[in-house]
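Every chain is numbered from 1 and lettered A, B, ... according to where its sequence line falls, protein lines coming before strand lines. Everything numeric here is computed off the predicted structure, so don't read it as measured data.
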Amino acid sequence: MPYDKTIRRHTIAVIVDNEPGILARVVGLFSGRGYNIESLTVAEVDAVARLSRITVVTTGTEMIIEQIKNQLARLVPVHKVSDLTAEGPHVERELLLVKVASTGDERVEALRIADIFRARVVDSTTESFVFEVTGSSEKLSAFMTLMDPLGMVEVSRTGVVAISRGPQAIMKRGEAG
Amino acid sequence: MPEQPTGAQRMTGAEIVIKSLLDQGVDVVFGYPGGAVLPIYDALFKQNALRHVLVRQEGGAVHAAEGYARSSGKVGVVLVTSGPGATNAVTGLTDALMDSIPIVCLTGQVPTHLIGNDAFQEADTTGITRPCTKHNYLVKDVNELGRTLHEAFYVARSGRPGPVVVDLPKDVQFAEGLYEGPANVRHRTYRPQTEADPALIEKAIDLIAGAKRPVFYCGGGVINAGTEASKLLTQFVRLTGYPCTLTLMGLGAFPASDPLFLGMLGMHGTYQANLAMHGADVLINIGARFDDRVTGRLNAFSPGSRKIHVDIDPSSINKNVPVELGIIGDCRQVLKQLIEAWKKRKAKPDGKALKEWWRQIDEWRARDCLRYQPSDSVIKPQYAIQRLYQLTRDMEPFITTEVGQHQMWAAQFFGFEKPHHWMTSGGLGTMGYGLPAAVGVQMANPGKLVVDIAGEASILMNIQELSTAVQYRLPVKIFIINNQWMGMVRQWQELLHGGRYSESYTEALPDFVKLADAFGCVGMRAAKPCDVDRIIKEMIKVDRPVVVDVMVDKTENCFPMIPSGAAHHEMLLGPADEAKKPVSEEGMVLV
């Protein structure tokens, strides 16, 4: 059967048991089999059922993406694997913290651009700001491009978190065994 | 021990280990003691229900457990200490992962308060074994121990089987806690699909019944699905009258003596099997994984066929070869469904097309691709294995192998009528597998003939296990095809590297007859073709471990062969072919 050979970006959500070593299992799977990781985030999402959600952004051909999903699903502590990109509309968000150290016109300009991007100032000294921006990865990258000549000295990004649109959940709360 | 009101019992961690193994129906453990597992060895000492086989190196313990598991269909159990005990087990664990063998390996660990402190004989066992196990656990609470062990057995044998490591810190072995029996254990996440989607079964029957040039290509998944799966496969293949080929791991899943059997396929498979794969219009893969040793060059693999792939592991489907119909399920269950659907529909193969297809296959068969140049003066390795087969076949022997030319000749010349009689390291290709595996096979099958068909290089990798065989009076037979070369390495150097035989000749080999004697085994030697029958008959008669040194032709190569980077229809049939078809540059870089 002919497979599409185009390399595409996919955002995959993985619901796992929150147990020691689970992140190492997922990361080891990607490095061991030579798959790409563009970003990866993980946090506990259900303290009662001890569940964590891993959001991984990866790239590959259709056949590789199918492999990645099957390999993830094969890990014993994995409850669900959901390819948000393939399964319909979804929301992706990322959070960015940028430190800009500048004075004079550059400092004023940085503040103006931050306003356009609806960035919040979360720390301020006479010669620096820390901005917080939330949005799509593209928006964050655009903000960084504009801040670069204005004294941007440090950047911290969370990586993508994502969720599908509409009332359906990939796994109902309380569904875990 | 007094019963608790909940049904749970109080005992020490070490006692929980023994109780869990017994509750899982384990009768033998392969292991080696050390500081971090002494409490478990103490608990072993105080009981008689569970036997322990003391190997001579931990690597041998895992291979022995693999041999035990493959020949019995049960889970093999290993017990080793922390640090070097665990790291020595890594090769065997990887081997079991590649070949889908159910193993539970218990490793000792330094006490929990010392973990991470670089303590004596400490290693990050769960970290090291994560990529070479199906799953692993570190147990930090004695109350979790029983449940974890039962879960480990469930994971090891369910779905696509594999090795599971349970790392046990020493303080957990000493601590007292509540033991939970296997009845209450239900896994939170792991529930593999065993029954196939009925709609896919119907589609499969459409494809199978409509085929004009079909071929069954089946593998180790059928063996892993139990004896009944092999019977069902045989029944289904005979219902259709289609040709059937098996992978190295699948030998025995379909009777070798059946006229529908084409022999093994792949790199050293038969001409008829590989050309049938190449020319097929419908390929029915049951429990095989399109391994590179089977497919040859992927873009020329079975180019004209519509492909059905039955596998219990969804990640096997569309991994190497895109298929039209991927069916997820246990081979036994799926075969049952296929047979029912076939009968219900009163499906009939296309008789005329099938007759023509068989005429073509018989033409390929007539090439007699396994033919070799016989000799009166020197023992041909193929001859030795052929005679071993002919003189022992009525005893339904269990055969293990090491890795290399002798392994391929064994696969080509030994016919298997039943599953679970052929134990070989397929995926990982581990030299040194065969002898410890034979120890495990003999433990599971007392009174049966167990032969390790070995090479003189491979056997030296785990030769210490002869001592184990002697200690437990396991009358395994080690049949060494001795050509003084790492034969397969030499064959590739001949084919790919201009005959520069870099380090593939062993200049100083032990005298295997004396070596056998030193270990307390019986040593024998065959130097001339006329010795072969006599030696084999003598070997069978001796009720002790025997090492047979069969001195064979040093220059013989293993044919037929698909050189790496070539396709099924570009096979080399013998030495004369070699010169005519040089290996491509792309092929050189492949393994």
Starting from the C-alpha separation in whole Å, work towards a yes-or-no answer on side chain to side chain contact (heavy atoms under 4.5 Å, CB included) for B/H187 and A/V76.
CA-CA 10 Å; B/H187 202 279; A/V76 170; 3.5 Å; yes
Might you point out which heavy atoms bring B/S315 and A/Q71 nearest each other, and give the distance in Å?
OG-NE2, 3.5 Å
Residue A/K139 excluded, over 12 heavy atoms near NZ under 6.0 Å:
yes
Check whether any side-chain heavy atom of A/M63 sits under 4.5 Å from a side-chain heavy atom of B/P322, and report yes or no.
yes
Tell me, for B/R160 versus chain A, whether the close heavy atoms (under 4.5 Å) come from the side chain, the backbone, both or neither.
side chain
Does a sphere of radius 6.0 Å around CG in B/L207 hold more than 12 heavy atoms from other residues, nucleotides or ligands, not counting ones at 6.0 Å or beyond?
yes
Over 12 foreign heavy atoms within 6.0 Å of CG, B/N299:
yes
For side chain to side chain contact (heavy atoms under 4.5 Å, CB included), just list the numbers for B/N136 and A/R25, CA-CA rounded to whole Å, side-chain angles, deciding distance to a tenth of an Å, and then say yes or no.
CA-CA 10 Å; B/N136 63 15; A/R25 278 181 216 286; 2.9 Å; yes
Which atom names give the shortest non-hydrogen contact between A/E66 and B/I317, and what distance separates them?
OE2-O, 4.2 Å
Can you confirm whether B/D118 is buried at CG, in the sense that more than 12 heavy atoms of other residues, nucleotides or ligands lie under 6.0 Å from that atom?
no
Starting at CZ of A/R74, measure out to OH of B/Y190 and round the result to the nearest 0.5 Å.
8.5 Å
For the residue pair A/R50 and B/R188, what are the closest heavy atoms and their distance?
O-NH2, 3.9 Å
Interface check, chain A: of B/D313, B/V155, B/T126, most non-hydrogen pairs under 4.5 Å belong to B/D313
Given B/T189, which of A/D17, A/V78, A/L75 fulfils the side chain to side chain contact (heavy atoms under 4.5 Å, CB included) condition?
A/D17
What part of B/P314 gets closer than 4.5 Å to chain A, counting heavy atoms only: side chain, backbone, both or neither?
both
Shortest non-hydrogen separation from A/P77 to B/H135 and the atoms involved:
CG-CE1, 3.5 Å
B/R293 atom CZ, neighbour heavy-atom count above 12 within 6.0 Å:
yes
